[in-house]
Amino acid sequence: MHRAVREPIIEVSDLRKTYDGRAVVDGVSFTVEEGEIFGFLGLNGAGKTTTVECIEGLRVPDGGRVRVAGLDPIADHEAVTRILGAQLQESALQPKLTVREALELYSAFYPRPLDWKPLAERLGLTPKLTTRFGKLSGGQKQRLFIALALIGSPRIVVLDELTTGLDPRARRDTWELIEDVRDSGVTVLLVTHFMEEAQRLCDRIALIDKGRITALDSPHGLVDRSPGSTVISFTPSTPLDNEELAALPALMSVEHKENRITLSGTDETVNAVISLLVRKRITAHQLRVSDATLDDAFLDLTEV
Amino acid sequence: MTDTSTTESPTTTAPAALAPASSDRRPTARAAVLRAETRLFLREPANLFWICVFPTLLMSILGCVPAFREADEDLGGQRLIDAYVPVAVLIAVIVASIQAMPPILTTYREMGILRRMSTTPVRPSSLLSAQMGLNGVTGLLSALLALVVGRLAFDVALPDQLAAYALTLLLATAACLAIGALVAALAGNSKHALGIGSVVFFPALFCIGVWIPVQTMPEVLANIVEFTPFGAAANALNQAAAGDWPDWSHLGTLAAWATVLTAAAIRWFRWK
């Protein structure tokens, strides 16, 4: 906060963590700038959670260096907990503690907490304040944990599987809240395997596969990296010759479904298709050009 | 319910949901943990029964057996029920410290409650001291109940050396809480905590004279038992009840156990 130059708020270099001789995190390096939403995207077991748990100070790295606002999460654990709020993938509260009591308790842990009442209201927890933790639904527990991650007014918030267990409406509300959190200057670290969530929220995404970062870019950048970054689909008024389609430049794939044709490629492919249609005086019904989704890029960039 | 627009501070651009709390009258983390744990403690009626009611109930059942109310020459003319009040008093403290407390803490660890707390600035000692305080106070209240019921229902004289009795009881409680805290620190899960708790519990009952009053134990056995915190406590309580100041060796033994084990518990108790 007192830094004049924008120094990264999180620095991870060559992080390694091994369980039973298996490298779960195998040389991960990245930096996160203050105020950005940084996402980790990857399959289950790719090493996302272990990486963020090293940042939270929950796990001791076997190698490499982690700094959070210049602090070591293990050696300076208490100082880190004051500026970092965490929503863990696996955790619990005392089953007989009510929502209100939990919010009051966790507020008291921090030097400058948020007012929990509007936070609870925003997360739809107000009708549940007198309900015990053990009686909450999965989605309600999740929303309470999001509140507890934010309650200490952190500079950095780590959200592991943010919207797991939430219904679509609550998910969208939560995304809006996270955007507001970022807009107030907080850095957000997001672990997810929801493409839509990553695409909507993240400024940058690290794709993690088998303990390594395989790509690190903005959501747009990742989609553009994938060879089939643009998708064009239409129903031609008269059938098109397959060979003519196959000759299109930078074409990645062709799909016929009944009369509808779906092509993926680049902007060049799109232009070539349009000139082909004009030349042959074919009308393209229901012509749609769209960017490939992060989903497509993810599958292209992750070895299975 | 809450008018969120009024909580927004004019100097910040943060949305209302992220407004800071007012800074007045905020409890410390330690006080907040104690308050929350007290509420939770009172929501466990079975636990409260074992700590508060069971020791006095056991004493009362035995007190209803006629043989317990007859003067016994082995006990120097005391009745068995007279020797049993200090036993009930110590059972109260032992149940609270060694049976009740460790599984609470290990269950917290197992469920991930401690893991979640470890990502906040609160210290593990806040939780440990809240639990030790709650179980200690409840154990002492239960001990007091045994003394009162013994006096009113079975005409057992109150301790002659009241100050010495109270001091012994406080030292005994400290030693037992330290044992419980160490069990919670070392047990991997609540199954282990219950197992270790029982392994300590039954010898402890033996040492305080549940089966053979300490006064009538063979000398070799009595000498060994004296060096356990339980035996030392039972002997010191009996002396104080009879109007003598307890041997310093007993009080010293209790203090030593309490100090060493508390240090060990604090050293080993971890969130994870």
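For clarity, every value in this text was computed on a predicted model and none was experimentally measured. In what follows, every chain begins at residue 1, and chains take the letters A, B, ... in the order their sequences are listed.
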Inter-residue atom distance [X].[atom1] - [Y].[atom2], 0.5 Å rounding:
X	Y	atom1	atom2	result
B:Met111	A:Phe133	CE	CZ	7.0 Å
B:Leu18	A:Ile151	CG	CD1	11.5 Å
A:Leu105	B:Glu37	CG	CD	8.0 Å

Query - For A:Ala92 against B:Arg116, the heavy-atom pair lying closest together - result: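 Looking at all heavy atoms of both residues, the closest pair is O-CB, 4.1 Å.
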Query raised in the report: Residue by residue, which of residues 119-147 of chain B have a heavy atom closer than 4.5 Å to a heavy atom belonging to chain A?
Result: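 Residues B:Thr119, B:Thr120, B:Pro121, B:Val122, B:Arg123 are the ones that qualify, each having a heavy atom under 4.5 Å from chain A.
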Query raised in the report: Within residues 169-185 of chain B, which positions have a heavy-atom distance to chain A below 4.5 Å?
Result: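 Those residues of residues 169-185 of chain B which would need a heavy atom under 4.5 Å from chain A do not exist here.
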Query raised in the report: Non-hydrogen atoms of chain A under 4.5 Å away: do they reach the side chain of B:Arg39, the backbone, both or neither?
Result: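 The side chain, not the backbone.
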Query raised in the report: Side chain, backbone, both or neither: which part of B:Arg26 has a heavy atom under 4.5 Å from chain A?
Result: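 Contact with chain A: side chain only.
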Pairs of heavy atoms under 4.5 Å with chain B: top-ranked of [options]:
options	answer
A:Pro113, A:Gly85, A:Ala86	A:Pro113
A:Pro111, A:Ala79, A:Ala108	A:Ala108
A:Gln87, A:Gln94, A:Glu78, A:Arg82	A:Gln94

Query - Validation row: B:Ser118, A:Leu58 side chains within 4.5 angstrom (heavy atoms) - result: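 Side chain of B:Ser118 against side chain of A:Leu58, heavy atoms only: contact under 4.5 Å found.
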Query - Residue pair B:Pro27 / A:Glu104, side-chain heavy-atom distance below 4.5 Å - result: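 Heavy-atom side-chain distance check fails, nothing below 4.5 Å.
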Query raised in the report: Tell me, side chain or backbone of A:Leu97 under 4.5 Å from chain B's heavy atoms, or both, or neither?
Result: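 Both the backbone and the side chain of A:Leu97 come within 4.5 Å of chain B.
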Query raised in the report: Taking NZ, NE, NH1 and NH2 as the nitrogens, is one of them in B:Arg43 or A:Glu101 under 4.0 Å from a carboxylate oxygen of the other?
Result: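 Salt bridge between B:Arg43 and A:Glu101, a charged N being under 4.0 Å from a carboxylate O: yes.
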Query raised in the report: Do B:Arg115 and A:Glu53 meet the salt-bridge criterion of a basic N to acidic O distance under 4.0 Å?
Result: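 A salt bridge links A:Glu53 with B:Arg115.
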Query raised in the report: Would the number of heavy atoms belonging to other residues, nucleotides or ligands and lying under 6.0 Å from CZ of B:Arg35 be above 12?
Result: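 Check fails, neighbour count at 12 or below.
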